Amino acid sequence: MATGEVKVLGSWSSPYVIRTRIALHIKSINYEFVEEKLLEGKSELLLKSNPVYKKIPVLIHRDKPINESLIILQYIDQTWPSAPSILPSHPYDSAVARFWAAYLDEKWFPAVISVGIADGEEAKKAGIAQLEEGLALMEEAFGKCTKGKGFFGGDEIGFLDIAFGSFLGGLRVTEKINGISLMDEAKTPALVNWAERFCCHAAVKDVMPDVDELTEFGKMLLARIRAAAEIH
């Protein structure tokens, strides 16, 4: 594959960008990572490549942009169909993986963000309760999806592993900032072991952000959000 044939527009801290990079690593695809400095403004290339949502990640393959992380995962799996596969081959298993990935994006991860920006203890408690409920659901889903194997995708990480695993950094930051434990041996033993395997995987370990670095970045973002809220 020619140099520059595949590009990823993104930020080191974005879980959605992390998804794209893990998928490319799984498929052993060489790519150019173009770091978007979003706090300084969005690049012309990003605005041109994603004029509808104007956000990362963007996968550019042969000068054609593909947007939205879960769609990008499917595109990568279909464009480079050689093993290992990302999406389950069985239609039912694929549907289940897509369902839980959508749940994580639409319901669970917004709760992670809500805890960080919560105005008052009651709002924070409500967000934490939603996180705990979601983790209990994913613990149960893990038992059903894995069929006794190490990952949601079976023997190797797949679509749902990538969708969920990309959020582990944000979850750890939430735990650290708030002095709480959400995913631990007592509450979610299967997920704890899965998370360790996931983060140690060769396709994952080089793109997962350091928790301390991500925590400092998260604190800076929260400070900016709160400052903007006070101005308005």
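Predicted model only: the values in this text are computed from it and were never measured.
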Peer 1: On a heavy-atom basis, which atom in A203 and which in H25 lie closest, and how many Å separate them?
Peer 2: O-ND1, 3.1 Å
Peer 1: Do you know the tightest heavy-atom contact between M208 and C199?
Peer 2: CE-SG, 4.0 Å
Peer 1: CD1/I66 to OG/S49 distance, rounded to the nearest 0.5 angstrom?
Peer 2: 9.5 Å
Peer 1: For I76, is there any backbone N or O sitting under 3.5 Å from a side-chain donor or acceptor partner on T79?
Peer 2: no
Peer 1: With distance as the sole test, does Q74 use its side chain to make a donor-acceptor pair with the main-chain N or O of L70 at under 3.5 Å?
Peer 2: yes
Peer 1: Using every non-hydrogen atom in the two residues, find where S13 and L214 come nearest and quote the distance to one decimal.
Peer 2: CB-CD1, 3.8 Å
Peer 1: Evaluate the criterion side chain to side chain contact (heavy atoms under 4.5 Å, CB included) for residue pair H201 and F198; output intermediate values, then yes/no.
Peer 2: CA-CA 5 Å; H201 193 281; F198 178 83; 5.8 Å; no
Peer 1: Quick check against the 3.5 Å criterion: does N67 have a side-chain atom that pairs as donor or acceptor with the backbone of N50?
Peer 2: no
Peer 1: Does some side-chain heavy atom of P209 sit less than 4.5 Å from a side-chain heavy atom of W12?
Peer 2: yes
Peer 1: Would a hydrophobic clustering, with Ile, Leu, Val, Met, Phe, Trp and Tyr connected at side-chain separations under 4.5 Å, put Y92 with I86?
Peer 2: yes
Peer 1: Just checking K187: does its NZ atom have more than 12 heavy atoms from other residues, nucleotides or ligands closer to it than 6.0 angstrom?
Peer 2: yes
Peer 1: Under the side chain to side chain contact (heavy atoms under 4.5 Å, CB included) rule, what do I60 and E32 come out as? Steps first, then yes or no, please.
Peer 2: CA-CA 10 Å; I60 301 177; E32 178 186 353; over 6 Å; no
Peer 1: Please determine, by modelled atom types, if Y31 and H61 share a side-chain donor-acceptor pair under 3.5 angstrom.
Peer 2: no
Peer 1: Nearest 0.5 Å please: distance from the CZ atom of F152 over to the OG1 atom of T146.
Peer 2: 8.0 Å
Peer 1: Any side-chain heavy atom of L104 sitting closer than 4.5 Å to one from L160?
Peer 2: yes
Peer 1: Would you say F167 and V112 make side-chain contact, with heavy atoms under 4.5 Å?
Peer 2: no
Peer 1: Would you say E175's side chain and L182's backbone share a donor-acceptor pair under 3.5 angstrom?
Peer 2: yes
Peer 1: Do V211 and M183 belong together in a cluster built from hydrophobic side chains that touch within less than 4.5 Å?
Peer 2: no
Peer 1: Roughly how far, to the nearest 0.5 Å, is CG of D105 from CH2 of W100?
Peer 2: 13.5 Å
Peer 1: Would you say the side chain of W108 lies within less than 4.5 Å of the side chain of L135, judging by non-hydrogen atoms?
Peer 2: yes
Peer 1: Please evaluate residues I22 and I157 with respect to the criterion side chain to side chain contact (heavy atoms under 4.5 Å, CB included), reporting the C-alpha separation (whole Å), side-chain torsions for both, the decisive distance (0.1 Å), and the verdict.
Peer 2: CA-CA 10 Å; I22 290 172; I157 63 175; 4.0 Å; yes
Peer 1: Would you find a donor on one side and an acceptor on the other, under 3.5 Å apart, between the side chain of K176 and the backbone of D212?
Peer 2: no
Peer 1: In a table with atom names and distances, give each donor-acceptor pair under 3.5 Å that connects a side chain of residues 188-196 to protein atoms at least two apart or in another chain.
Peer 2:
| unit_1 | atom_1 | unit_2 | atom_2 | d |
| --- | --- | --- | --- | --- |
| T188 | OG1 | D184 | N | 3.4 |
| T188 | OG1 | D184 | O | 3.4 |
| N193 | ND2 | P189 | O | 3.3 |
| W194 | NE1 | D161 | OD1 | 2.7 |

Peer 1: Without swapping roles, check the side chain of S94 against the backbone of P91 for a donor-acceptor pair under 3.5 Å.
Peer 2: no
Peer 1: If you look at every heavy atom in R98 and F159, which pair is closest and at what distance?
Peer 2: CA-CE2, 3.9 Å
Peer 1: Going by heavy atoms in the side chains, are W80 and V6 under 4.5 Å from each other?
Peer 2: yes
Peer 1: Mark yes or no for whether K42, through its side chain, and K54, through its backbone, hold a donor-acceptor pair below 3.5 Å.
Peer 2: yes
Peer 1: Might you point out which heavy atoms bring T20 and P57 nearest each other, and give the distance in Å?
Peer 2: OG1-CG, 3.7 Å
Peer 1: Would you indicate whether the side-chain heavy atoms of F109 and Y16 approach each other to under 4.5 Å?
Peer 2: yes
Peer 1: Report the distance from atom CG of L24 to atom CG of L73, rounding to the nearest 0.5 Å.
Peer 2: 9.0 Å
Peer 1: So, taking the atom named OG in S43 and the one named NZ in K48, what distance separates them when rounded to the nearest 0.5 Å?
Peer 2: 11.0 Å
Peer 1: Any side-chain heavy atom of R19 sitting closer than 4.5 Å to one from I72?
Peer 2: no
Peer 1: Could you go through S11 and E35, starting from their C-alpha distance and side-chain angles, then the distance that decides it, and tell me whether this counts as side chain to side chain contact (heavy atoms under 4.5 Å, CB included)?
Peer 2: CA-CA 5 Å; S11 170; E35 179 79 30; 3.5 Å; yes
Peer 1: Is the shortest distance from a Lys or Arg side-chain nitrogen in K144 or E140 to a carboxylate oxygen in the other one below 4.0 Å?
Peer 2: yes
Peer 1: Using a strict 4.0 Å threshold on nitrogen-to-oxygen distance, state whether E68 and K55 make a salt bridge.
Peer 2: yes
Peer 1: Taking the six-membered ring of Y103 as reference, does the cationic atom of K107 (NZ for Lys, CZ for Arg) lie under 6.0 Å from its centre and within 45° of its axis?
Peer 2: no
Peer 1: Return the CD to CG distance between E44 and L46, rounded to the nearest 0.5 Å.
Peer 2: 11.0 Å
Peer 1: Hydrophobic cluster membership, with links at side-chain heavy-atom distances under 4.5 Å among I/L/V/M/F/W/Y: are L47 and L59 in one?
Peer 2: no
Peer 1: How about P84 and D155: do any of their side-chain heavy atoms sit closer than 4.5 Å?
Peer 2: no
Peer 1: Could you tell me which non-hydrogen atom of S114 sits nearest to which non-hydrogen atom of G127, and how far apart they are?
Peer 2: OG-CA, 3.9 Å
